[in-house]
Amino acid sequence: MLMDNFFQIVDERRSTKVYDPHVEIPREELVSLLEAAGKAPSAWNLQQWKFLVFDHKEVQERLLPIAYHQQQVHDASAVVAILGDLEANKNIDPVFDPAIEKGEMTAEIKEVLKKQIEGAYSREEYPRDAAFSNASLAAMQFMLAAKAKGWDTCPIGGFNPAALLSEFNVSERYLPIMLITIGKPLQKARKTDRLDIRNLIDWAE
């Protein structure tokens, strides 16, 4: 993708809900797109996300009632559940130790950051807030990367998180944030109108 095409990708991204059920997406392609999603920014670079991928019809059929029988969940080439990590403070060592080994960070700086992180995660509301905000950044990056590679997507907030955790044996460490369908459209998604951005901007004084 040329950098000049970025705004075209943003403009052309649509929430597609009618997919060709016969189109498959290679796992290598999904890994590549999720790798791009994983380059999203995150607090302290803790990468507060995990991706649960449904990429064949049998498992998508199990997901269908959890998503209140939205047909796109069955017909899409794949569905990605975006999960937020409620215990991302456990990522301190795997995130920071490689940087220390490469001389990009000192052990002293790691200790300072560790205290900041543990202080934040000791607050009752912070783990959930961080899981939502940071995993959502990765979700948006996934959708833009998919569009850049010729795939359409749709974020879904209408599903049963508790049922998802139970049916697919997801650890309570992870909080379901959203589902994202990905595939090739059978019909062009409708372009939605947007509020005038000037009415949504306040200039601080």
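Note: hydrogens, waters and symmetry copies are ignored here, and every other heavy atom, side chains too, is used.
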When you group the ILVMFWY residues by side-chain heavy-atom contacts below 4.5 Å and let the links chain together, are [Y] and [X] in the same group?
{"X": "V10", "Y": "W151", "answer": "yes"}
{"X": "Y68", "Y": "V79", "answer": "no"}
{"X": "I25", "Y": "V80", "answer": "yes"}
{"X": "I180", "Y": "F132", "answer": "yes"}

Side chains of [X] and [Y], heavy atoms from C-beta outward: is any pair under 4.5 Å?
{"X": "L113", "Y": "M105", "value": "yes"}
{"X": "W44", "Y": "N89", "value": "no"}
{"X": "L186", "Y": "P21", "value": "yes"}
{"X": "S136", "Y": "M178", "value": "yes"}
{"X": "L165", "Y": "P176", "value": "yes"}

Within 6.0 Å of [atom1] in [X], more than 12 heavy atoms from elsewhere:
{"X": "R128", "atom1": "CZ", "result": "no"}
{"X": "E104", "atom1": "CD", "result": "yes"}
{"X": "E24", "atom1": "CD", "result": "no"}
{"X": "E125", "atom1": "CD", "result": "yes"}
{"X": "K149", "atom1": "NZ", "result": "no"}

Any donor and acceptor pair, going by atom type alone, linking the side chain of [X] with main-chain N or O of [Y] inside 3.5 Å?
{"X": "S133", "Y": "D129", "value": "yes"}
{"X": "Q70", "Y": "I156", "value": "no"}
{"X": "Q47", "Y": "N45", "value": "yes"}

Atom pair [atom1]/[atom2] of [X] and [Y] - distance to nearest 0.5 Å:
{"X": "W49", "Y": "Q141", "atom1": "CH2", "atom2": "CD", "value": "8.0 Å"}
{"X": "K90", "Y": "D85", "atom1": "NZ", "atom2": "CG", "value": "8.5 Å"}
{"X": "E12", "Y": "L144", "atom1": "CD", "atom2": "CG", "value": "12.0 Å"}
{"X": "E29", "Y": "S77", "atom1": "CD", "atom2": "OG", "value": "10.5 Å"}
{"X": "L63", "Y": "E58", "atom1": "CG", "atom2": "CD", "value": "13.5 Å"}
{"X": "D11", "Y": "N5", "atom1": "CG", "atom2": "CG", "value": "12.0 Å"}

Which heavy atom of [X] sits nearest to which heavy atom of [Y], and what is that distance?
{"X": "R13", "Y": "M143", "result": "CD-CB, 4.4 Å"}
{"X": "L86", "Y": "E172", "result": "CD1-O, 3.7 Å"}
{"X": "Y121", "Y": "A130", "result": "OH-CB, 4.1 Å"}
{"X": "Y19", "Y": "T153", "result": "OH-C, 3.3 Å"}
{"X": "A78", "Y": "L30", "result": "CB-CD1, 4.0 Å"}
{"X": "D93", "Y": "P98", "result": "O-CD, 3.8 Å"}

For F168 and F54, what are the C-alpha separation, side-chain angles and deciding distance, and is it a ring-ring contact (aromatic ring centres under 6.0 Å, His included)?
CA-CA 11 Å; F168 296 100; F54 308 82; 4.9 Å; yes
side-chain contact (heavy atoms from CB on, under 4.5 Å) for Q60 and L64? Distances and angles first, verdict last.
CA-CA 6 Å; Q60 287 168 242; L64 191 60; over 6 Å; no
So among V59, I182, L34, V31, which one has a side-chain contact (heavy atoms from CB on, under 4.5 Å) with V53?
L34
Applying side chain to side chain donor-acceptor pair (under 3.5 Å) between D152 and each of K184, K17, K147, report the one that passes.
K147
Answer yes if the side chains of R190 and T192 hold a donor-acceptor pair under 3.5 Å, and no otherwise.
no
Going through the distances and angles, do K114 and F96 end up as a side-chain contact (heavy atoms from CB on, under 4.5 Å)?
CA-CA 9 Å; K114 182 177 180 179; F96 294 141; 6.0 Å; no
Walk me through it: do Y174 and L52 pass the test side-chain contact (heavy atoms from CB on, under 4.5 Å)?
CA-CA 11 Å; Y174 299 103; L52 178 60; over 6 Å; no
Run the numbers on F159 and V73 for side-chain contact (heavy atoms from CB on, under 4.5 Å), then give the verdict.
CA-CA 11 Å; F159 67 99; V73 168; over 6 Å; no
